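Single-structure report; data block below.
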Number of protein chains: 2
Amino acid sequence: MNSDPVDKLVKLGFSEYEAKAYVALLRESPVTGYQLSKQSGVPRSMIYEVLGKLTARGAAMTLRKGGATKYAPVPAAEFLDQLHREHEELIFSLKDDLAALTSASDLEYVWNIEGHENIMAKAEEMIRQAKARIYLALLPVTFPALQPALEEAIRRRVRVVVYTTSDLDLPGGQVVVAPVFEDARDRVEGLMLILVVDREEVLIGERLTATQARASWTSSPLLVFIAEHHLRTDPYLPQVLACLEDRGLDLIQEEDRELFAHALESHING
Amino acid sequence: MNSDPVDKLVKLGFSEYEAKAYVALLRESPVTGYQLSKQSGVPRSMIYEVLGKLTARGAAMTLRKGGATKYAPVPAAEFLDQLHREHEELIFSLKDDLAALTSASDLEYVWNIEGHENIMAKAEEMIRQAKARIYLALLPVTFPALQPALEEAIRRRVRVVVYTTSDLDLPGGQVVVAPVFEDARDRVEGLMLILVVDREEVLIGERLTATQARASWTSSPLLVFIAEHHLRTDPYLPQVLACLEDRGLDLIQEEDRELFAHALESHING
DNA sequence: ATATCGTGATTATAAACCTAACGTCTACGT
DNA sequence: ACGTAGACGTTAGGTTTATAATCACGATAT
C-alpha cells in the first residue's frame, strides 16, 4: 500500500515526469532545470516543459537570479491542501448536479459488483448507512478492513452481530464463533462475506481473494430474509440437532442426510 | 464555473466516454449496453469497454436478467463519497511521504507564481496562515474571491486592513478607500494585488486578468517592509501634502514634482 | 576543453476517440 | 413462409493526443 510517492502523485493526475520532477524539487531547491533533470531522471529536453506544467498547476515557482532561472517547489503541505480543496469543491458541486439527474433505479434486482476494493467499499458504505441492525459473516482476515466502520456503527447504537470462525475484538458488538463446515469451505472459492443491514439489503461476496472478486447485492426482501435467516440459524444447528437426538435421523429425509452429516458429526464429537 | 457535469467528471479522472456513460446511466437505469450507447452518445463499439471500466472502478454494477446483461450506476452520492475518501487518503499519506523529503528551501528570494488561479490560491493560503496582521491592497472586483478567507481571519482576531478604491463590506476589518492615481493605473496592466502578512511575507500580483497572470512572492525582510510601508503611507499622502501647503512645492525636487502632481491636485480639488 | 546550461526536432508508444461494417436474434406485417 | 427492421453485441480499421525516449545543436563558463 505504501508505495513510491511518485506513484501516488501519478494517481493524483501528474505525469510520471511531473511527479519525479516535483519530488526531486522537494529534495533540493532552488535548482536550475539542468540540475533538476539529473536529480530527477527526467530528460534534459523535457524538463522545461515539465517545469512549465508544474508552475502552471501551482506546484512550483520560478526564480530569476543573475540571468539563470531557478525553480523551487510550492511546499507539499500547501500544494496538497490546495489540491484537496479543489477536489472537494468538484465533488460537492457534482453531487448537486448528479442528484438532480438521478432517477430512482429499480432496486428489486440482484446487482453484481466486481473488484475486491469495490466490494469492501460497498460493505463499508452499507455499514455506515445502517440504522438498526447489522448481521455480518466473514473470515477473520477480512475483519480488520471493516472494523472501524463497525465500531462507529456500534457507537451509533446499531446492533452488530458478527459470525466468524475465531474470536474477534469488537467491544459493544456480539461475536458468534462457529466453524465453517468442510463442504461449505470447499464449495466457496476464496474468502466469503455475507452482510445483512437493517433487514433491507444484503451483500454476498465470493472469491474475495481472486483478482476477479465478485459480489451480489440486493434489497429483494425475500433474499434478504433468507440470508439473515441463514446467518442467525446456522450456528445453532448442531445444538438443535443435539436436542433432536436420534429422532433427528428419522426426521431428515434420506436425500438430505448428507447435508446434515457434518452438523451431526460435530454434535457427536462435541 | 458551473459547467457540464461531464466536464467535472473528466476532471476527476474519467474519460469523456466514461463520464457520458455514467451520467446517462444515472438518467436511466437499468439499461443494456445498446440502449446506453444511444442515450449517452458513446459509440456502440466502445460502450462495453467503457462500462467495464466503470464497473471496475466501482461506479456501475451489472445485472444479468434473462440472458441479457443490464447496467446501473452506483448512486452518485455513494460513489462520490467513496472517491473523496480515497483521494483524502492519498493526500494524507502523500503529505507524510513528502514532508519527510522536504528540505528547507531558501526563502530569501523573490519567487514568481504564474496563473491567475495559482496566485489567488497563494493569497488565500497566506491569509489562512496569517497570525497577526494582514495588509491587502486590491481592486473591488478581486475582493469577493478573498472575502471568506479574510472573514475567517478576522474571526481568528487577525487584524485586517484592506486598501481599495470603493467601499467594501468587511465587518471587523478596516477598509481604507483611496483612489488609484492615473499614472499608476496606466503603468499597471490589468488588475493588481498587494498582500502583506505578519510582516513576514508579501505577494505582489500584476496583470491578474491576462491569461499569463504573474505574481511575485517573497519573505525578504526589506521588500516586505517596503511593501507594507507603501500600503500604509500612500493613502495619507494627499493629507500630508496638504499640511505642507505651499512649502510642499519647495521641498520636492524638480524632477519629482511630476510624481506628486496627482496628490497635490487631489488636495487642491478636495 | 570539459562540464554546465538551454532548446529544437524526431520518433515510439499507448490510450482515447471515431467510423464502418458484420453478425445474431426477435418481432411484425404481408 | 418470407422479408424487413430494429435491438443487441462484436470486429476491424482509422485518427488524434499525451507521454515518453533519443539524438542533436548551440551557448556559456571555469
Side-chain angles (χ1 to χ4, degrees), chain A residues 4-25 27-57 59-72 109 112 114, chain B residues 4-25 27-57 59-72 109 112 114:
Chain A
D4 194 352
V6 170
D7 292 347
K8 296 181 187 169
L9 285 169
V10 168
K11 280 189 193 156
L12 291 181
F14 282 69
S15 85
E16 205 171 321
Y17 281 168
E18 288 167 345
K20 279 185 187 171
Y22 183 62
V23 170
L25 259 190
R27 280 217 166 81
E28 189 176 342
S29 71
V31 287
T32 65
Y34 183 87
Q35 290 167 331
L36 189 66
S37 105
K38 275 195 307 180
Q39 285 156 20
S40 64
V42 176
R44 265 212 311 293
S45 53
M46 296 293 302
I47 199 72
Y48 301 101
E49 200 178 321
V50 166
L51 278 169
K53 283 182 189 169
L54 284 181
T55 60
R57 274 214 221 195
M61 303 157 98
T62 63
L63 158 71
R64 241 146 296 238
K65 185 191 182 187
T69 307
K70 295 202 172 194
Y71 298 86
Y109 290 117
N112 303 292
E114 283 168 23
Chain B
D4 194 351
V6 170
D7 292 347
K8 296 183 189 167
L9 285 169
V10 168
K11 281 188 193 156
L12 292 181
F14 281 68
S15 85
E16 206 172 322
Y17 282 168
E18 288 166 346
K20 280 184 186 170
Y22 184 62
V23 170
L25 259 191
R27 279 216 166 80
E28 189 177 340
S29 71
V31 288
T32 65
Y34 182 88
Q35 291 166 334
L36 189 66
S37 107
K38 274 196 306 183
Q39 285 156 19
S40 64
V42 175
R44 268 214 305 292
S45 55
M46 295 291 302
I47 198 72
Y48 299 99
E49 199 177 321
V50 165
L51 278 169
K53 283 183 189 170
L54 284 181
T55 60
R57 273 214 220 194
M61 303 157 101
T62 62
L63 158 71
R64 243 147 294 241
K65 184 192 181 187
T69 308
K70 294 202 170 194
Y71 298 85
Y109 292 118
N112 303 291
E114 284 169 24

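None of these values were measured; they are calculated from a predicted model. We name chains A, B, ... by the order of the sequence lines, and we start the count at 1 in each one.
Taking the nucleotide of DNA chain D with the nearest heavy atom to each of B/Ile47 and A/Arg44, the more 5' of the two is matched to B/Ile47. Each of B/Lys20 and A/Gly33 has a nearest nucleotide on DNA chain C; the 5'-most of these lies closest to A/Gly33.
Atom-to-atom distance recorded for A/Lys8:NZ and A/Lys11:NZ is 8.0 Å, nearest 0.5 angstrom. Of the inter-residue distances, the one linking B/Leu54 atom CG with B/Ile47 atom CD1 reads 8.5 Å to the nearest 0.5 angstrom.
When the nucleotides C/dT7, C/dC18, D/dG9 are ranked by their closest atom to the side chain of A/Tyr48, C/dT7 comes out on top. Each of C/dC5, D/dA20, D/dT22 was ranked by its minimum atom distance to the side chain of A/Gln35; first place goes to C/dC5. Comparing C/dT4, D/dT19, C/dC18 by their closest approach to the side chain of B/Met46 singles out C/dC18.
For B/Ser15 and C/dA16, the shortest distance from a side-chain N or O to OP1 or OP2 is not below 4.0 Å. Note on B/Tyr17: every side-chain N or O is 4.0 Å or more away from OP1 and OP2 of C/dA15.
Counting heavy atoms from C-beta outward, B/Thr62 and B/Leu51 have side chains that stay 4.5 Å or more apart. Counting heavy atoms from C-beta outward, B/Tyr17 and B/Pro43 have side chains that approach closer than 4.5 Å. Using a 4.5 Å cut-off on side-chain heavy atoms (C-beta onward), A/Arg27 and A/Gln39 make no contact. No side-chain heavy atom of A/Leu36 sits under 4.5 Å from any side-chain heavy atom of A/Val42. Side chains of A/Glu18 and A/Tyr22 form no contact here, defined as non-hydrogen atoms less than 4.5 Å apart.
In this structure, the CD atom of A/Gln39 is 14 Å from the C1' atom of C/dC5, given to the nearest Å. Between the NZ atom of B/Lys38 and the C1' atom of D/dA7 there is a distance of 8 Å, rounded to whole Å. Summarising the geometry, the separation between CZ on A/Phe14 and P on D/dA18 is reported as 18 Å, rounded to the nearest angstrom. Distance, B/Tyr71 OH to D/dC8 C1': 12 Å, rounded to whole Å. Protein atom OH of A/Tyr34 is 14 Å distant from nucleotide atom C1' of D/dG26, rounded to whole Å.
A donor N or O paired with an acceptor N or O is found under 3.5 Å between the base of D/dT22 and the side-chain atoms of A/Ser45.
Contact check of residues 49-57 of chain A against DNA chain D (heavy atom, cut-off under 4.0 Å) returns A/Lys53.
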